[in-house]
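Each remark here refers to the structure printed beneath this line.
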2 protein chains.
Amino acid sequence: MSAEENILKLVDAEEPDGEGYRLQDQVGFILRRAHQRHVSIFAAHIADLTPPQFAALAKLHDVGETSQNQLGQLIAMDAATVKGVIDRLKARGFVELTRHEVDKRRLLVSLTPEGREAVERLIPLAQKITDETLSPLSPKEVATFMKLLAKMA
Amino acid sequence: MSAEENILKLVDAEEPDGEGYRLQDQVGFILRRAHQRHVSIFAAHIADLTPPQFAALAKLHDVGETSQNQLGQLIAMDAATVKGVIDRLKARGFVELTRHEVDKRRLLVSLTPEGREAVERLIPLAQKITDETLSPLSPKEVATFMKLLAKMA
DNA sequence: CAAAATTCATTCGTACGCAAATGATATCAA
DNA sequence: TTGATATCATTTGCGTACGAATGAATTTTG
């Protein structure tokens with residue numbers, strides 16, 4: 001029985017008892033492994049920065065100065081998580097923090113020259129990371145997969 | 001320009017500068033968001049257990065007593081991570097730990113009756129979680145997606 | 001057999017990820 | 001204008017996740 005047939009069986013069959021539930025076939029489980037694999041590939045190419053840290057830098061490079069919260073929304077991190085990421089990038093000298101002049105609640109985040117240099121240097125590596133992550137798939141499969149993954153996320 | 005065309009553009013084009021790198025289109029980023037979404041759906045259905053904790057219980061239900069390390073391999077967790085998960089399950093009375101009689105390094109993990117009852121009760125909910133996670137996709141798309149995801153993970 | 005290498009588990013340190021609570025500021029509405 | 005709401009950021013607490021170091025027990029090998 002192929003993996004695909006098992007998946008179809010899972011979708012079709014409605015077994016009330018525990019038999020027929022296979023952890024290995026559940027989206028959540030495979031999604032977690034796929035994510036682990038990607039993080040590992042990332043680390044192999046970019047050792048001194050984590051994917052979330054790179055995401056923050058890349059997004060700042062895109063949009064320029066933004067508030068911490070706004071940045072969090074753009075890269076799908078809640079306020080508490082963003083703070084930690086930004087703190088570490090600041091400690092490395094990659095970002096600068098300033099208070100918003102008008103709205104004193106906002107904390108503006110921007111790239112330092114070092115931060116900008118780092119992102120621009122790393123973007124080609126990030127491309128490689130994407131390619132390597134998708135390397136088990138043919139180009140046609142990549143297109144299909146990305147479309148469906150985006151639809152699901 | 002459709003999302004799919006952008007993806008193809010990213011795969012095909014080779015731009016040396018930073019223009020053309022779009023964080024939102026990278027597998028890693030979308031994979032992270034898809035995973036976040038799944039965890040959130042999981043929590044909505046099973047509030048008192050995390051996906052890794054449920055994975056451990058479900059796998060123990062499958063294979064019966066195993067060593068902690070072995071279990072970790074089966075559910076894709078390294079030794080340090082498994083330990084934490086098992087400690088919490090033990091504190092809740094869902095698993096029992098015993099030393100292996102012959103090989104005294106091994107720590108055998110097994111379900112308690114409460115643990116077994118919990119998994120069997122939760123498996124139908126886990127099915128629902130899988131279904132809801134995949135709900136943005138048609139049945140045909142689900143089959144395609146699962147095949148490609150498994151290929152990639 | 002004895003030394004070297006391996007395996008199993010534990011611990012430590014670092015980094016997400018998120019819920020919930022808190023405090024400061026800003027906006028809205030009566 | 002003031003009182004209720006909402007927003008931004010911070011902190012705390014818990015739970016993964018993993019590299020690296022450690023120690024105990026087992027296996028391999030010279």
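First the proteins, then the strands, lettered A, B, ... as listed; each starts at 1.
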Heavy-atom nearest nucleotide on DNA chain C for A:Gly84 versus B:Ser40: which residue maps closer to 5'? A:Gly84
Could you tell me how far apart B:Arg88 (CZ) and D:dG15 (C1') are, to the nearest whole angstrom? 5 Å
Round to the nearest Å and state the distance from A:Ile41 atom CD1 to D:dA17 atom C1'. 17 Å
Closest nucleotide among C:dA9, D:dT10, D:dG15 to the B:Asn69 side chain: C:dA9
Per B:Thr50 side chain, nearest of listed nucleotides C:dA24, D:dG15, C:dC16: D:dG15
A:Lys83 has its side chain closest, among D:dA25, D:dT16, D:dT11, to D:dT11
Below 4.0 angstrom, N of the basic side chain to O of the carboxylate: do A:Lys128 and A:Glu132 qualify? no
Does any N or O in the side chain of A:Glu141 come within less than 3.5 Å of the main-chain N or O of A:Ser138, such that one atom is a donor and the other an acceptor? yes
side-chain N/O A:Arg106 vs D:dC8 OP1/OP2, d < 4.0 Å: yes
What is the nucleic acid contact for A:Val109, judged by heavy atoms within less than 4.0 Å: base, sugar-phosphate only, or nothing? nothing
Can you measure B:Leu49 atom CG to D:dC14 atom P for me and round it to whole angstrom units? 17 Å
For A:His35 and for A:Asp103, locate the closest nucleotide of DNA chain C by heavy-atom distance; then report the residue assigned to the nucleotide nearer the 5' terminus. A:His35
Measuring from the side chain of A:Met77 (C-beta onward, heavy atoms only), which nucleotide among D:dT10, C:dG17, C:dA19 has the closest atom? C:dG17
When all nucleic acid strands are considered with a 4.0 Å heavy-atom cut-off, which category describes A:Val82: base, sugar-phosphate, or nothing? nothing
Can a donor-acceptor pair be found, under 3.5 Å and without considering hydrogens, that links the side chain of A:Arg99 to the backbone of A:Arg105? yes
If only atom types and distance count, is the side chain of A:Thr112 paired as donor or acceptor with the main-chain N or O of A:Gly93 below 3.5 Å? yes
NA contact type, B:Ser67, heavy-atom cut-off 4.0 Å: base, sugar-phosphate, or nothing? sugar-phosphate
Let me spell it out: for each of A:Ala79 and A:Arg32, pick the nucleotide of DNA chain D with the closest heavy atom. Which residue's pick is nearer the 5' end? A:Ala79
Between OG1 on residue B:Thr133 and NE2 on residue B:His38, distance to nearest 0.5 Å: 4.0 Å
Side chain of B:Asp78 (C-beta onward), nearest among D:dC18, C:dT10, C:dC16: D:dC18
Figure out the CZ/C1' separation between B:Arg33 and C:dC18, and round it to whole Å. 17 Å
OP1, OP2 of D:dT7 versus side-chain N and O of A:Gln70: anything below 4.0 Å? no
Would you say C:dT10 has OP1 or OP2 under 4.0 Å from some side-chain N or O of B:Gln68? yes
Without swapping roles, check the side chain of A:Gln36 against the backbone of B:Ala76 for a donor-acceptor pair under 3.5 Å. yes
Between C:dA15 (P) and A:Gln53 (CD): distance, integer Å: 7 Å
Using whole Å, report how far CG of A:Leu107 lies from P of C:dA26. 14 Å
Just compare C:dC8, D:dT11, D:dT16 and give me whichever is closest to any side-chain atom of A:Ala80. D:dT11
Rounded distance (Å) that lies between atom P of D:dG15 and atom CG of B:Leu89: 10 Å
Rounded to whole angstroms, how far apart are CD1 on B:Ile86 and P on D:dA17? 13 Å
